[in-house]
Amino acid sequence: MLDLQLLRSDLDGVVKRLADRGFTLPAAEFEVLEAERKKVQTDTQELQARRNALSKQVGQLKAKKEDASALMAEVGAQADQLKALEQQLDSVQKRLTDFLMVIPNLPQSSVPAGKSEADNVEVRRVGAPRTFDFAVKDHVDVGAALGGLDFDTAGKIAGARFSVLKGGIARMHRALAQFMLDVHTQEHGYTEVYAPYMVSGECANGVSSLAKFKDDLFKVEGRDLYLIPTAEYPVTNFVRNQILASSELPLKFVCHTPCFRSEAGSYGKDTRGMIRQHQFDKVELVQIVAPETSAEAHEQLTAHAETILNKLELPFRTVALCTGDMGFSSAKTYDIEVWLPGQNAYREISSCSNFEAFQARRMHARYRAAGTAQGKTEFVHTINGSGLAVGRTLVAILENGQQADGSVAVPAALQPYMGGLQAIRPL
RNA sequence: GGAGAGAUGGCCGAGUGGUCGAAGGCGCUCCCCUGCUAAGGGAGUAUAGGCUCAAAAGGCUUAUCGAGGGUUCGAAUCCCUCUCUCUCCGCCA
């Protein structure tokens, strides 16, 4: 949610910055709503003040055992009017909130301008793609040859966009999550957390717009509960409705969860293999920080995610998303893309975003400035990123590590997590 | 699933219809005193918002005692619904 004060004080500026990311803010609609709010709120509060004052007098008279019936009648006479005004105020405030809740975040000034993926800017490229002296297979064929990647069985159980892993591949999948958690907790100072795989609609709205994106989520029938599309949903909401001490910041959490996405609107996209699934595992990094440190923390968190690829010796590049390609809540996003020889392309394996105060405002997550107990409360900044998507990391290892004999080399950093196994061979 | 108890400020806890945004304590901040440590004294200390003001300061004002509704001139306090927590019993991964 954007700062309402900012819309009031600099509507034109906000319209302009949102236009950069391809969003048209209906400014006239806002001004009408805001004018109505101002009038109704003022009127309502005046009447409430009057009622409160008169009621107080009634109390004083009654304490002295004097007659208060005239005052009581006077307040009673305006009861209907007050009630009507209060309902009007509720209504206009709800409309104003609904209006605000579907407006995306403002891009930082450092975000490259652009309309689509094509305008994203590569900020670095690490590791050289390997050259193969045999015909390169994609992960589906590599997995099939090993006998450990089974989409037929998954389809029988749950339909398309699910997978069954077996043997060494299942073990590697497990090993990857353990490895990532250990690196982030031991080397990057994150606290490991375990969290619910379902969140309330309120929490979903805290990190994104439920109204806009509910079709992307799986909902629990008959309840206000949604399967999480990422651990960002539960973990960022840890600080919902809280006032943190500045000494508690930054909070750094790492959380391994499955993620569930309906993938509505992506029909026909990435239908082969386990690139785009209804269910996948992810190790998520979440930071809650003071505003002045968020830009730096965002860079660090991105580097933390990249560390995993470095250790696994997987080639990747990092791109800064352009204004037109960023997600709803983000002020700035880096995507990390891993090299997939089977696709002859870099594919997203992590997305690291700084949301600034956008989510904090929706969640009422604040902190108290350092030193003084009377210090003003301020909204925290929230940052998160995948560190990394486990399924896609597995895909990357299968494709980059494939060997002529059909086996797959286990990266050295991962071998301790697989009992010293150096390669996965057919079952 | 059955029975009961509860939800108040950063924390503990008082408050069962009127001047209560809320006693008291703890904690915290600032100041004073005290030649270490310890102790003592004083002041301050919820959040969000609106109007006013060029702005800051200030002034006026509204809402919030788990959430939502109701009764009443007036609700932390009475009534209803919901959520959550705790205790006991049952069941159970």
Side-chain angles (χ1 to χ4, degrees), chain A residues 1-10 30-31 33-101 194-206 220 222-226 234 237-249 251 288 357-380:
Chain A
M1 183 160 62
L2 296 182
D3 183 2
L4 185 55
Q5 307 289 356
L6 185 63
L7 267 87
R8 288 188 185 132
S9 60
D10 185 21
F30 172 75
E31 284 179 316
L33 264 177
E34 175 60 10
E36 184 184 347
R37 188 230 97 226
K38 187 165 173 172
K39 165 126 186 52
V40 176
Q41 181 163 359
T42 311
D43 290 355
T44 305
Q45 292 190 350
E46 258 172 37
L47 215 55
Q48 284 171 331
R50 187 172 162 72
R51 178 206 56 199
N52 291 346
L54 290 177
S55 294
K56 202 169 248 186
Q57 286 179 38
V58 171
Q60 286 165 347
L61 286 178
K62 290 210 161 183
K64 287 186 272 180
K65 303 226 186 286
E66 290 175 25
D67 176 46
S69 53
L71 284 177
M72 285 163 64
E74 192 179 342
V75 184
Q78 53 181 240
D80 288 347
Q81 195 193 346
L82 180 57
K83 192 164 189 177
L85 273 173
E86 282 172 343
Q87 280 169 359
Q88 246 185 80
L89 184 59
D90 273 1
S91 153
V92 69
Q93 278 179 334
K94 182 171 186 313
R95 278 178 284 145
L96 204 52
T97 305
D98 289 349
F99 180 90
L100 277 176
M101 289 297 269
Y194 171 84
Y197 298 164
M198 299 180 202
V199 296
S200 65
E202 204 177 37
C203 286
N205 239 331
V220 177
R223 300 201 50 175
D224 181 36
L225 275 181
Y226 299 81
N237 275 290
F238 280 11
V239 295
R240 142 178 300 273
N241 286 332
Q242 263 193 271
I243 301 175
L244 299 155
S246 63
S247 58
E248 294 176 80
L249 301 179
L251 290 171
I288 312 292
F358 189 83
Q359 296 180 326
R361 242 178 249 118
R362 298 168 86 94
M363 296 187 301
H364 297 115
R366 292 151 295 165
Y367 81 107
R368 205 180 290 282
T372 56
Q374 297 96 315
K376 187 99 184 91
T377 59
E378 248 189 286
F379 289 111
V380 296

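Convention: sequence-line order gives letters A, B, ...; per-chain numbering from 1.
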Counting primed atoms, P, OP1 and OP2 as sugar-phosphate and everything else as base, the B/S/- map of nucleotides 49-58 of chain B against protein heavy atoms under 4.0 Å is BSS-------
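Base pairing of B/rC84 is made with B/rG6, judged by Watson-Crick or G-U wobble geometry with both donor-acceptor distances under 3.5 Å. Summarising the base pairing, B/rG1 is matched to B/rC89 through a Watson-Crick or G-U wobble pair whose two defining distances lie under 3.5 Å. Under the Watson-Crick or G-U wobble criterion, with both distances below 3.5 Å, B/rU71 is left unpaired in every strand shown. Across all strands shown, B/rU45 forms a Watson-Crick or G-U wobble pair, both distances under 3.5 Å, with B/rG27. Base pairing annotation: B/rC60 forms a Watson-Crick or G-U wobble pair with B/rG50, both donor-acceptor distances under 3.5 Å. Summarising the base pairing, B/rA38 is matched to no nucleotide, lacking a Watson-Crick or G-U wobble pair whose two defining distances lie under 3.5 Å. Pairing partner, B/rG17: none, since no Watson-Crick or wobble contact has both distances short of 3.5 Å.
Between A/His364 atom NE2 and B/rU64 atom P there is a gap of 16 Å when expressed in whole angstrom units. When the P atom of B/rG74 is taken as reference, atom CD of A/Gln48 falls 12 Å away, rounded to whole Å. Atom pair A/Glu46:CD and B/rA63:C1' shows a separation of 16 Å (rounding to whole Å applied). We find that CD1 of A/Ile243 is positioned 16 Å from P of B/rU45, with the value rounded to whole Å. Note: CG (A/Asn241) to P (B/rG9) measures 13 Å, nearest angstrom. Atom pair A/Asp3:CG and B/rA48:C1' shows a separation of 13 Å (rounding to whole Å applied). The nearest whole Å value for the distance from the CZ atom in A/Arg51 to the C1' atom in B/rU61 is 13 Å. Across the protein-nucleic acid pair, A/Lys56 atom NZ and B/rA22 atom P stand 10 Å apart, rounded to whole Å.
In this structure, the separation between CZ on A/Phe379 and CZ on A/Arg362 is 12.5 Å, given to the nearest 0.5 Å. Atom-to-atom distance recorded for A/Lys62:NZ and A/Asp67:CG is 9.0 Å, nearest 0.5 angstrom. Separation of atoms CG (A/Leu82) and CZ (A/Arg51) is listed at 5.5 Å; rounding is to 0.5 Å. One finds the CG atom of A/Leu33 at 9.0 Å from the CG atom of A/Leu100 (value rounded to the nearest 0.5 Å). Here the CD-CG distance, from A/Glu86 to A/Leu47, works out to 8.5 Å after rounding to the nearest 0.5 Å. How far OH of A/Tyr226 is from CE of A/Met198: 13.0 Å, rounded to the nearest 0.5 Å.
A distance of about 30 Å separates the C1' atoms of B/rC11 and B/rG18, rounded to the whole Å. For the C1' atom pair drawn from B/rA57 and B/rA7, the interatomic distance equals 40 Å after rounding to whole Å. Between B/rG90 and B/rA3, the two P atoms lie 16 Å apart (nearest whole Å). Nucleotides B/rC91 and B/rG15, compared at atom C1', are 41 Å apart to the nearest Å. Here the separation of B/rC84 from B/rG66, taken at their C1' atoms, is 8 Å to the nearest Å. For the C1' atoms, the distance from B/rU77 to B/rA23 is 15 Å, rounded to whole Å. The gap from the C1' atom of B/rU83 to that of B/rG21 amounts to 25 Å, rounded to the nearest Å. B/rA55 and B/rU71 have their P atoms separated by 41 Å, with the value rounded to a whole Å.
A salt bridge is defined here as a Lys NZ or Arg NE, NH1 or NH2 lying under 4.0 Å from an Asp or Glu carboxylate O, and A/Asp43 with A/Lys39 meets this definition.
Sorted by residue number, the members of residues 57-68 of chain A with any non-hydrogen atom under 4.0 Å from RNA chain B read A/Val58, A/Gly59, A/Gln60, A/Lys62, A/Ala63.
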side-chain contact (heavy atoms from CB on, under 4.5 Å), that's the test. Do A/Leu244 and A/Leu251 meet it? Break it down for me. CA-CA 10 Å; A/Leu244 299 155; A/Leu251 290 171; 4.2 Å; yes
side-chain contact (heavy atoms from CB on, under 4.5 Å) between A/Asn237 and A/Val199: does it pass, once the steps are laid out? CA-CA 9 Å; A/Asn237 275 290; A/Val199 296; 5.6 Å; no
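Contact between the side-chain N/O atoms of A/Asn52 and the OP1/OP2 oxygens of B/rU62 is found at a separation under 4.0 Å. Contact between the side-chain N/O atoms of A/Arg366 and the OP1/OP2 oxygens of B/rA46 is not found at any separation under 4.0 Å. At the phosphate of B/rA48, OP1 or OP2 sits under 4.0 Å from a side-chain N or O atom of A/Thr377.
Out of B/rG70, B/rU47, B/rU19, the shortest distance to the side chain of A/Lys83 is found at B/rG70.
With A/Ser91 contributing its side chain and A/Gln87 its backbone, the two residues share no donor-acceptor pair below 3.5 Å.
Put simply, the side chain of A/Ile288 reaches to within 4.5 Å of the side chain of A/Leu249, judged on heavy atoms.
Checking A/Met72 against A/Asp90, the closest nucleotide of RNA chain B that is more toward the 5' end is the one next to A/Asp90.
Environment of CD in A/Gln242: crowded, with over 12 heavy atoms of neighbouring residues, nucleotides or ligands closer than 6.0 Å.
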